[in-house]
Chemist: 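I am attaching a structure below and will ask some questions about it afterwards.
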Amino acid sequence: MNSSQPVPWPGAGLDGTLALPLVLAALGLAGLAGNLLLLAVLAQELRRGRGSPPLAGLLHLCGADLLLLLLCAPLRLAAACRRAWPLGGPLCRGSDWLLHAALLAKCFALAAVGRARLQQLAGPAPGPPGPRPPLLPLLLLWLPALGLPLPLLLFSRLEPSPDGPRCLFQPPPGAAGFMRVFDAAYPLLALLLPAAFTGGCYWRALRARGPPGQRPPPPGPATRLLLGLSLLFHAAWLPAWGLWLWGRHGGARLPPAALAGLAQAALFLPGALGPAVLLAACPELRAGLRALARRGGPGAAERTQALREAPAAEKELPDLQHFWQHRRDTAAGEESDPVPWEHQGTP
């Protein structure tokens, strides 16, 4: 297929389908509630000084999921309806680019979590740790995620057709050479290399023996849990890559509606399941969730204030209480004596 030939939008062929919007709405609501709760637990752990590189990576992962659910899912729902295409080219150009940017950020965040987990179990790399700017991990994660799918933003446009406006990915003829390189390199950089790196980190983490002279902590369920979430994410992205290959090698025919629907729904499935699995199965996050529930439970603020305002006398020893009570009674008796000079001794 010529690299400059128009490629239909991945959701083409699903216009008017009621099942897809319902599935996306259900996944979006479940994922939004779970990720907001997970974000609150992670923020609480970081404020308490219990943060760790894996938890920081989960924070980036949560941010990518929220971007998917708050922006990408509504755009996909709007783009699946013909009524939304009159909004013009920005919706057509931005929908696929923003979706791929969020998926790449999530992919890189999972790789960062895997590397941090490996370092946590096997020990840091030899050599003194140098200072690291706090924004460096954020830039290293989001700049490639926003930059790699830029051709999807630049070369997508809205085209009229007898059935209504269609969103097409159509590079100009002069960019045919660049698109041949992009079509070959993009799946490698976006899927294969990050997946191999993440899998390698977890494989080494499961076999880690720790630093020399120290007994390593057991891998525990957290390592296997994070590995399972990474595998779920990459498996859920495979149908979308099937659409990618179909659009570039399947000619002008639209993809099967079942494949298109599965690809759209599967992208949001890990974001809906991941927070619930993490909060239920990870001991650290489960403890943080219990602490958050105690803080936000009914009457929690009143009980804390009552404990702070408890009278100091309740905490004193009985002898001290008797001493101070005797002093108060004596002082009160002296102040109420009407003729104090008659009770004073002679000099």
Chemist: For A263 versus L243, what's the shortest heavy-atom pair and its separation?
Modeler: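 Minimum heavy-atom contact is CB-CD1, 3.5 Å.
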Chemist: Does any part of the side chain of L226, heavy atoms only, come nearer than 4.5 Å to the side chain of L58, both counted from C-beta?
Modeler: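 When only atoms from C-beta onward are counted, L226 and L58 do touch, with a gap below 4.5 Å.
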Chemist: How many angstroms lie between CG in L279 and CZ in R290, if you round to the nearest 0.5 Å?
Modeler: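 Reported value, rounded in 0.5 Å steps: 11.5 Å.
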Chemist: Do L37 and P275 make a side-chain contact, defined as non-hydrogen atoms from C-beta onward lying under 4.5 Å apart?
Modeler: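 A side-chain contact under 4.5 Å is absent here.
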Chemist: According to a 4.5 Å side-chain heavy-atom criterion applied to Ile, Leu, Val, Met, Phe, Trp and Tyr, with indirect links allowed, do L191 and L188 form part of one hydrophobic cluster?
Modeler: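 As far as the 4.5 Å side-chain criterion goes, L188 and L191 are connected within one cluster.
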Chemist: Is there a chain of hydrophobic side chains (I, L, V, M, F, W, Y, each step under 4.5 Å between heavy atoms) that links L68 to L36?
Modeler: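 L68 clusters together with L36.
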Chemist: What do the steps show when you test L67 against W142 for side-chain contact (heavy atoms from CB on, under 4.5 Å), and what is the final call?
Modeler: CA-CA 12 Å; L67 177 62; W142 283 99; 3.8 Å; yes
Chemist: Identify whether F268 and L29 are in the same connected component of the hydrophobic contact network (ILVMFWY, side-chain heavy atoms under 4.5 Å).
Modeler: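 No: no chain of side-chain contacts under 4.5 Å links F268 to L29.
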Chemist: Do Q44 and R47 have side-chain N/O donor and acceptor atoms under 3.5 Å apart?
Modeler: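 Judged by distance alone, the side chains do not pair up.
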Chemist: May I ask you to test the L118-T223 pair for a side-chain heavy-atom distance under 4.5 Å?
Modeler: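 Side chain of L118 against side chain of T223, heavy atoms only: no contact under 4.5 Å found.
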Chemist: How many angstroms lie between atom CG of L148 and atom CZ of F108, to the nearest 0.5 angstrom?
Modeler: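 Interatomic distance, L148 CG to F108 CZ, rounded to 0.5 Å: 5.5 Å.
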Chemist: Could you give the distance from CG (L225) to CG (L278), rounded to the nearest 0.5 Å?
Modeler: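 L225 atom CG to L278 atom CG measures 5.5 Å (nearest 0.5 Å).
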Chemist: Do the ring planes of F155 and F178 sit parallel (below 30°), tilted (30 to 60°) or perpendicular (above 60°)?
Modeler: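 Aromatic pair F155/F178 classed perpendicular.
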Chemist: Go through the steps to decide whether L229 and V113 satisfy the test side-chain contact (heavy atoms from CB on, under 4.5 Å), and finish with yes or no.
Modeler: CA-CA 11 Å; L229 290 178; V113 171; over 6 Å; no
Chemist: Quick check on the hydrophobic clustering: are L193 and L227 connected, directly or via other members, by side-chain heavy-atom contacts under 4.5 Å?
Modeler: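 As far as the 4.5 Å side-chain criterion goes, L227 and L193 are connected within one cluster.
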Chemist: Look at the side chain of R286 and the backbone N and O of A280, then say whether any donor-acceptor pair between them is shorter than 3.5 Å.
Modeler: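 Answer holds: yes.
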Chemist: Roughly how far, to the nearest 0.5 Å, is the CG atom of L55 from the SG atom of C282?
Modeler: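 Result: 7.5 Å between the selected atoms.
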Chemist: Could you pull out the closest heavy-atom pair between A190 and C107, with the gap in Å?
Modeler: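 That closest heavy-atom pairing would be O-SG, 3.6 Å.
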Chemist: Is the backbone N or O of G31 less than 3.5 Å from a side-chain atom of D65, with the two atoms forming a donor-acceptor pair by type?
Modeler: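 No; zero donor-acceptor contacts below 3.5 Å.
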Chemist: Does F197 form a side-chain contact (heavy atoms from CB on, under 4.5 Å) with R115? I'd like the steps, not just the answer.
Modeler: CA-CA 9 Å; F197 177 81; R115 182 176 180 272; 3.9 Å; yes
Chemist: Under 3.5 Å, is there a donor-acceptor pair between the side chain of W237 and the main chain of A266?
Modeler: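 It does not hold such a pair.
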Chemist: Give me the ring orientation class for Y186 and H100: parallel if the planes are under 30° apart, tilted from 30 to 60°, perpendicular past 60°.
Modeler: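 If you compare the ring of Y186 with that of H100, the planes turn out tilted.
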Chemist: So V277 and L232, do their side chains get closer than 4.5 Å, heavy atoms only?
Modeler: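 Side-chain contact under 4.5 Å: no.
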Chemist: Hey, are the side chains of L42 and L285 touching, using non-hydrogen atoms and a 4.5 Å cut-off?
Modeler: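 The answer is yes; the side chains approach within 4.5 Å.
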Chemist: Given side chains that start at C-beta, do those of L189 and F182 come closer than 4.5 Å, heavy atoms only?
Modeler: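 SC-SC contact between L189 and F182 ruled out.
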Chemist: Could you pull out the closest heavy-atom pair between A102 and C72, with the gap in Å?
Modeler: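 Taking A102 first and C72 second, the nearest heavy atoms are CB-SG, 4.2 Å.
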Chemist: In Å and rounded to the nearest 0.5 Å, what is the CZ to CG distance from R204 to L121?
Modeler: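 Going from CZ on R204 over to CG on L121, the span is 11.5 Å.
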Chemist: For the residue pair W97 and L154, establish whether any side-chain heavy-atom pair is separated by less than 4.5 Å.
Modeler: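 They are not in contact (no side-chain heavy atoms under 4.5 Å apart), so the answer is no.
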Chemist: Using the rule that Ile, Leu, Val, Met, Phe, Trp and Tyr join whenever any side-chain heavy atoms are under 4.5 Å apart, tell me whether L99 and L66 fall into a single cluster.
Modeler: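 L99 clusters together with L66.
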Chemist: Using every non-hydrogen atom in the two residues, find where A116 and P54 come nearest and quote the distance to one decimal.
Modeler: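 Nearest heavy atoms, A116 then P54: CB-N, 3.7 Å.
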Chemist: Could you walk me through whether L39 and N35 pass the side-chain contact (heavy atoms from CB on, under 4.5 Å) check?
Modeler: CA-CA 6 Å; L39 184 64; N35 277 282; over 6 Å; no
Chemist: Could you state the interatomic distance from CG (L46) to CG (L59), rounded to the nearest 0.5 Å?
Modeler: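 Taking CG in L46 and CG in L59, the distance rounds to 6.0 Å.
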Chemist: S230 and Y202: which non-hydrogen atoms are nearest, and at how many Å?
Modeler: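 The answer is OG-CE1, 3.7 Å.
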Chemist: Does L273 reach the side chain of F233, with side-chain heavy atoms less than 4.5 Å apart?
Modeler: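 Not touching, per the 4.5 Å side-chain cut-off.
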Chemist: Of the non-hydrogen atoms in A101 and P149, which two are nearest, and what is the gap between them?
Modeler: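 For A101 and P149, the tightest heavy-atom pair comes out as N-CG, 4.0 Å.
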